[in-house]
Trainee: 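I have a structure here, written as structure tokens, and I will follow up with some questions on it.
Lettering follows sequence order; numbering is per chain, from 1.
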Amino acid sequence: MTTVTTEVTTDREISYREAINEAIHQEMTSDDSVFVAGIDLAKQGDVFGITQGVLTKFGPKRIMDTPISENAITGLAIGAATQGLRPVISLMFIDFIGVCFDQIINQMAKMKYMFGGKARLPLTVLVNAGAGTGMAAQHSQSLEALLCHIPGLKVVMPSTAYDAKGLMVTSMREDNPVFMIMHKRCSRLRGPVPEESYTVPLGSAAVVREGTDATIVATAYMVHEALAAAETLAGEGISVEVVDPRSLQPLDTETVLESVRKTHRVLTVHEAVEFGGIGGEINAQIAEHAFDHLDAPPMRIGAPFSPVPYSPVLEKEWVVNSDQIIEQTRRLVSG
Amino acid sequence: MTTVTTEVTTDREISYREAINEAIHQEMTSDDSVFVAGIDLAKQGDVFGITQGVLTKFGPKRIMDTPISENAITGLAIGAATQGLRPVISLMFIDFIGVCFDQIINQMAKMKYMFGGKARLPLTVLVNAGAGTGMAAQHSQSLEALLCHIPGLKVVMPSTAYDAKGLMVTSMREDNPVFMIMHKRCSRLRGPVPEESYTVPLGSAAVVREGTDATIVATAYMVHEALAAAETLAGEGISVEVVDPRSLQPLDTETVLESVRKTHRVLTVHEAVEFGGIGGEINAQIAEHAFDHLDAPPMRIGAPFSPVPYSPVLEKEWVVNSDQIIEQTRRLVSG
Amino acid sequence: MTTDLDSEQLLYMFRTMVTIREFEEAAGRMAEQARIPGAVHLYAGEEAVAVGVCSHLEATDTIASTHRGHGHCIAKGGDVKLMLAELLGKSSGYCRGKGGSMHIADLDLGILGANGIVGGGPPIAVGAAFAAQYQGTGGVSVCFSGDGSTNEGTWHESLNFAALFDLPAVFVIENNHWGEFTPQEKQGSITQLSDRAAAYGIPGFTVDGQDVLAVHQAAGEAVARARTGNGPTLLECDTYRFYNHTGRSEGDPRPEEERAAWRERDPLTILCGVLEERAILSGESADRITEEVQREIEEAITFAEEAPYPELSELLTDIYS
Amino acid sequence: MTTDLDSEQLLYMFRTMVTIREFEEAAGRMAEQARIPGAVHLYAGEEAVAVGVCSHLEATDTIASTHRGHGHCIAKGGDVKLMLAELLGKSSGYCRGKGGSMHIADLDLGILGANGIVGGGPPIAVGAAFAAQYQGTGGVSVCFSGDGSTNEGTWHESLNFAALFDLPAVFVIENNHWGEFTPQEKQGSITQLSDRAAAYGIPGFTVDGQDVLAVHQAAGEAVARARTGNGPTLLECDTYRFYNHTGRSEGDPRPEEERAAWRERDPLTILCGVLEERAILSGESADRITEEVQREIEEAITFAEEAPYPELSELLTDIYS
Ligand SMILES: Cc1ncc(C[n+]2csc(CCOP(=O)(O)OP(=O)(O)O)c2C)c(N)n1
Ligand SMILES: Cc1ncc(C[n+]2csc(CCOP(=O)(O)OP(=O)(O)O)c2C)c(N)n1
Ligand SMILES: [Mg+2]
Ligand SMILES: [Mg+2]
């Protein structure tokens, strides 16, 4: 995959959430085999607002409210996909993958392979990740690493409205199960989004800011924290390149390595708990494949090894922020 | 934690499986609050033979056969642990953590923290991992990385009969949830095991072979593959040190780093799928904390990114083996 | 309805229900004012269920609660000061500020925690029931579940498990007829959820969940059955929440007539009526009780607001023992 | 029992049951000889269930199967050559050798796969039923489940879901009274599992699973109900497996008398009796059919043994489309 630095030429600004909503509307218009199912998706338009207007526009056949039965919802998507439909389901919070994890890792992910290729599973699973909203330990996690370790799944995690729409369209057109991980704090962020449909390929990272002294690889909301950090650091004469993988499975390692080969220093940042997070995978790959280009140890920032605390003071301390990124980047470039 | 190189002085040899069984017997004898529950554990003594003889010795109050309801089994352990019991449950195959993953990651792991410390969960979960037995995609995985990413859980993965017993005893005495991951192909391996009870601390790696040219960090059955590789490589004049972390959460990074600081080269090996596996975490830590000691890129071997295939020819190709370790170690020391 | 309750007990129940109501009114207000960081799911309207059931429980009995857990906590003896401090994320709170509304617990009082996962509680309740049986404490484990949650697989596994081993458990369904924004009839095709007891060979009953005396009586039988080794009961309580799914938020999709009809069946008014009829309470003394409770809640708010936030160093404590 | 089946259909059913039996005998033998790498769960003894149910299904109807799936596959039209090749891990197998016994599938025939996860199939069956309804194909989705699997939460969620949306589904419980090495009565406290239908407001029946005509009739009604838009049915078939949990392994914990009693009720013998009584089949022609089937299985074994193993390059294909 080659580097795609997003250049958007439109004056139209909508939010990340609206962008995904628009993708769903457009794909449902062009393809009758798409249907949407999940808790409070139809009448209520989803508790995160992702399916607003779908019921009115497409009617109850195309979008259904389900019982609180995530195993049945997930199986619904799998079984229907084997029969040629293109289901989009929501599991609300990514924390809830736990209640239907067998259907995800042992059924959805493996069916095609176990059947010797004779199944196509064009389905998209919507989940919301992220802390910082006072929702405590069971509604605030970033569990993408669990999904990325399972062959058969694809995992995208956009940070901007533009990517959210483009990746949602691509996901819905994929003939494989894709987890679309939305970050709660990205949800209201606005950005330029063309009205017409477009795709952002899976497995293609974006260089969202160019720089020469260090690379920051950041995902989801951390992209914005990294960009803020880069801005501050620029004032100190440190030129930071920010790379957003956008899709984690497949992962566009090449774009990351290219950046590291240029800057010779790297800091990987995600909101998930650091231990066992996707940053370990990324940095291990960098260390193995760009070792000779590194002028300093590859560094990581992730959340400390604890459940997400409720108290605002602790939660603020738990969530990775731009100050930490600034501090670590300073260490990185001086190291 | 300091390095513990296991030195066992006993003539008595028993199998890995018998060693765990012995630990259970001994702990049940000394502590009435221990009980055991799971599918076919009592009358049948477990399909892997782990609870042989327990029913006869301790009676039906202490060990129970349950319905096929892993959520209830896991909740049984959690709820009973809050009331002062010390449950040991089995989920049979580690692949089955999927069916009760919410109870594991959102209840068991987080309860203590969410309650502000006011819960103690002294419970042990037995699971069997590993391919190479023709059991196909849903009965052959090594999913330890999923558990290691969740704060609140502890995860051990012994490779020898000695460690199996010692870690089982420690796990059963822990006041925290511990996953005891047994490897199917280790199950019948025999080794010296003292009859009296002893503990192996969690978070303490073992240097199972000393060497000077390269470090191989290997887990579970891969320890034996690594030792076989080291033997062959010794014949070629390559001196390999083999480190078995034994417990993955907590992980004894210090012992690993110490070895790497000595050999300056490292290859991390596990049977799990490489992408997102625990090897990424280990190598990222090495790259960050021992960068200046590395004379070559830190390397990894894990399974290729596919579900576990059934066909013996494909399964053999999928499972990491000593030939691959030998080849990569040669590359490592020549690099 | 006849009852074994003396006036002291009846007044205690009334006061507890008022406490829940006032607590929820306060929590709702504070959430609206963004003084509470997270989501609060208010129990107002359902007070008779928690109080009727918990009136049979000792501290050695346990309850597993839900996301809508404040009422259970208060009914089981929870301290409103510590609860409010927790809602504010303060270190004096029940969970030292680490849990919040959806995770309030007090193991000493047998409160095994609210739960943010729908269907998360039943398996844990099974474990507590098993422990009581194993240890021979005579304790009973009560599991509160919403109507919506009875469609989660965990609920089913738990009932089967408890029934099989004759565990001392009572499964209470708080059927408030909605799960979030979706009515019960769009979540399953039976209307009386206690019919599900037949799937496990245990007794199942449905009672008027707005009438605390009806709940008290049915729960009494269920708890006695559990305590005497006769296994679990499924007890469905027909009830209604007075506010929207979270807090007192806008956009309640429930029909206005439905809401009004249930408001008519306010459990406080119903109990008050009985107490007045039996001359245990006058309108005046009811008001006095309410005022006393309001003062108590005000004090709790003050306590909570003045309480310190946790130290940053506490971020990494309480993960492991 | 009267039946709508003509002699051709009856003979086809008999032959299919014999095919399952002979397939399982062969698979059991080969597993004992370690010619099959993985675990095989034999369906011998339960043939009447798969055949009685599938006798109503077209290729556009789907089935979700279990770890004990060979019988379902054959009854739904599966090719024994491709099945045996799969058991041997050969590239000519149903799954190109990647799946093995627990994952045999043929989507063209509507076979959504055996499943190594107990309770893994029901949610998927819900999805297939939904697709049939959505696409208006008139198709029916049949879900086979063991008695033990009805205690998994997924089973419960699936029945509720299917009932709610009147999905064209039939949930068949193969009650062979054991789950691995534990009897049904130690897995739940009700004896008739079709009673669980009441929890979802759908019809539930229990039939003699050794009598293929009884199964055929009850399944016919259930399939018709589904096909005509009247929603799912729960159909429990009382049956027994003739071998141990996996293969023909030693250490079967089931009482000898129990096993002997059920051997008396061999579904092949029962059907044979009916066919002889109706003069559709003589003992001699039954033997001829069995011999023909045995030859067919022998040919399949030869086919499977001669088939090539997959190329190593196939390890990383078929993961994604
Ligand atoms: C596993 C899971 N799925 C979904 C949710 C989101 N959710 C929170 S409360 C709720 C509705 C619960 O309905 P019910 O059980 O009837 O309880 P009530 O809110 O009516 O008291 C839902 C769907 C969740 N918290 N957990
Ligand atoms: C989730 C899960 N738990 C446990 C197992 C192990 N297991 C395989 S078959 C089986 C028994 C199933 O019993 P039943 O559903 O009655 O089917 P039967 O074997 O009798 O046909 C068990 C426990 C599994 N495969 N998956
Ligand atoms: Mg409700
Ligand atoms: Mg069975």
Side-chain angles (χ1 to χ4, degrees), chain A residues 71 95-107 109-110 112-114 136-138 141 143 145-152 249 251 268 272-292 294 296-300 304-310 335, chain B residues 71 95-107 109-110 112-114 136-138 141 143 145-152 249 251 268 272-292 294 296-300 304-310 335:
Chain A
N71 285 292
D95 314 72
F96 302 168
I97 60 174
V99 298
C100 52
F101 205 54
D102 177 72
Q103 289 289 316
I104 295 169
I105 69 166
N106 287 327
Q107 314 295 337
K110 298 180 174 37
K112 184 181 187 70
Y113 192 80
M114 294 188 306
Q138 294 174 337
Q141 295 167 88
L143 296 176
L146 306 186
L147 300 166
C148 293
H149 187 43
I150 306 296
Q249 189 58 267
L251 178 70
T268 299
V273 162
E274 183 170 307
F275 192 103
I278 196 72
E281 177 62 31
I282 293 172
N283 279 19
Q285 289 199 29
I286 293 169
E288 183 159 356
H289 302 300
F291 188 73
D292 293 335
L294 286 172
M299 292 172 67
R300 276 188 298 165
F305 201 64
S306 85
V308 184
Y310 169 72
Chain B
N71 285 292
D95 313 71
F96 303 168
I97 59 173
V99 298
C100 51
F101 205 55
D102 177 72
Q103 288 289 317
I104 295 169
I105 69 168
N106 287 328
Q107 312 296 336
K110 298 181 173 38
K112 184 180 187 72
Y113 192 80
M114 293 189 305
Q138 293 174 338
Q141 294 168 89
L143 296 176
L146 305 187
L147 299 166
C148 293
H149 188 43
I150 306 297
Q249 189 59 267
L251 178 71
T268 298
V273 162
E274 183 170 308
F275 193 103
I278 196 71
E281 177 61 32
I282 293 173
N283 279 19
Q285 290 200 29
I286 293 169
E288 183 160 356
H289 302 299
F291 186 74
D292 293 335
L294 286 172
M299 291 171 68
R300 275 189 298 164
F305 200 65
S306 85
V308 184
Y310 169 73

Trainee: Checking A:Ala296 against chain B: side chain, backbone, both or neither under 4.5 Å from a heavy atom?
Mentor: backbone
Trainee: If you compare all heavy atoms of A:Tyr113 against all heavy atoms of B:Ser306, which two are closest, and at what distance to 0.1 Å?
Mentor: OH-OG, 3.7 Å
Trainee: For the residue pair B:Asn71 and A:Val99, establish whether any side-chain heavy-atom pair is separated by less than 4.5 Å.
Mentor: no
Trainee: I'd like to know if the side chain of B:His149 reaches the main chain of A:Phe275, judged simply by a donor and an acceptor atom lying under 3.5 Å from each other, with no hydrogens or angles considered.
Mentor: yes
Trainee: Does the side chain to side chain contact (heavy atoms under 4.5 Å, CB included) test come out yes or no for B:Ile105 and A:Leu143, once each step is laid out?
Mentor: CA-CA 11 Å; B:Ile105 69 168; A:Leu143 296 176; 4.0 Å; yes
Trainee: With respect to chain B, which residue among A:Gly279, A:Cys100, A:Ala272, A:Gly277 yields the maximal number of heavy-atom pairs within a distance under 4.5 Å?
Mentor: A:Gly277
Trainee: Using a cut-off of under 4.5 Å for heavy-atom pairs, which of B:Gln249, B:His289, B:Glu274 has the most such pairs with chain A?
Mentor: B:Gln249
Trainee: Does a side chain donor of either A:Asn106 or B:Gln141 reach within less than 3.5 Å of an acceptor in the other side chain?
Mentor: yes
Trainee: Got a donor-acceptor contact below 3.5 angstrom from the A:Glu281 side chain to the B:Gly280 backbone?
Mentor: no
Trainee: Of all of B:Met299, B:Gln285, B:Gln138, which one pairs up most often with chain A through heavy atoms under 4.5 Å apart?
Mentor: B:Gln138
Trainee: Under a 4.5 Å heavy-atom cut-off, does chain B meet the side chain of A:Ile282, its backbone, both or neither?
Mentor: neither
Trainee: Indicate the atoms forming the closest heavy-atom contact of A:Glu288 with B:Arg300, along with that distance.
Mentor: OE1-N, 3.4 Å
Trainee: Find out whether A:Tyr310 and B:Met114 are in side-chain contact, i.e. whether some heavy atom of one side chain is under 4.5 Å from a heavy atom of the other.
Mentor: no
Trainee: Provide the closest heavy-atom pair for A:Ala287 versus B:Pro297 in the form atom of the first, atom of the second, distance.
Mentor: O-CB, 3.6 Å
Trainee: What heavy-atom pair brings A:Phe101 and B:Leu146 nearest, and what distance separates the two atoms?
Mentor: CE2-CD1, 3.7 Å
Trainee: Please give me the minimum heavy-atom distance between A:Pro298 and B:Phe291, naming the atom from each residue.
Mentor: CD-CD1, 3.9 Å
Trainee: For A:Ala137, is it the side chain, the backbone, both, or neither that has a heavy atom closer than 4.5 Å to a heavy atom of chain B?
Mentor: both
Trainee: Need one label for B:Leu251: side chain, backbone, both or neither, based on atoms under 4.5 Å from any heavy atom in chain A.
Mentor: side chain
Trainee: Mind ranking B:Val273, B:Asp95, B:Thr268, B:Ile97 by heavy-atom pairs under 4.5 Å with chain A and telling me who comes out on top?
Mentor: B:Val273
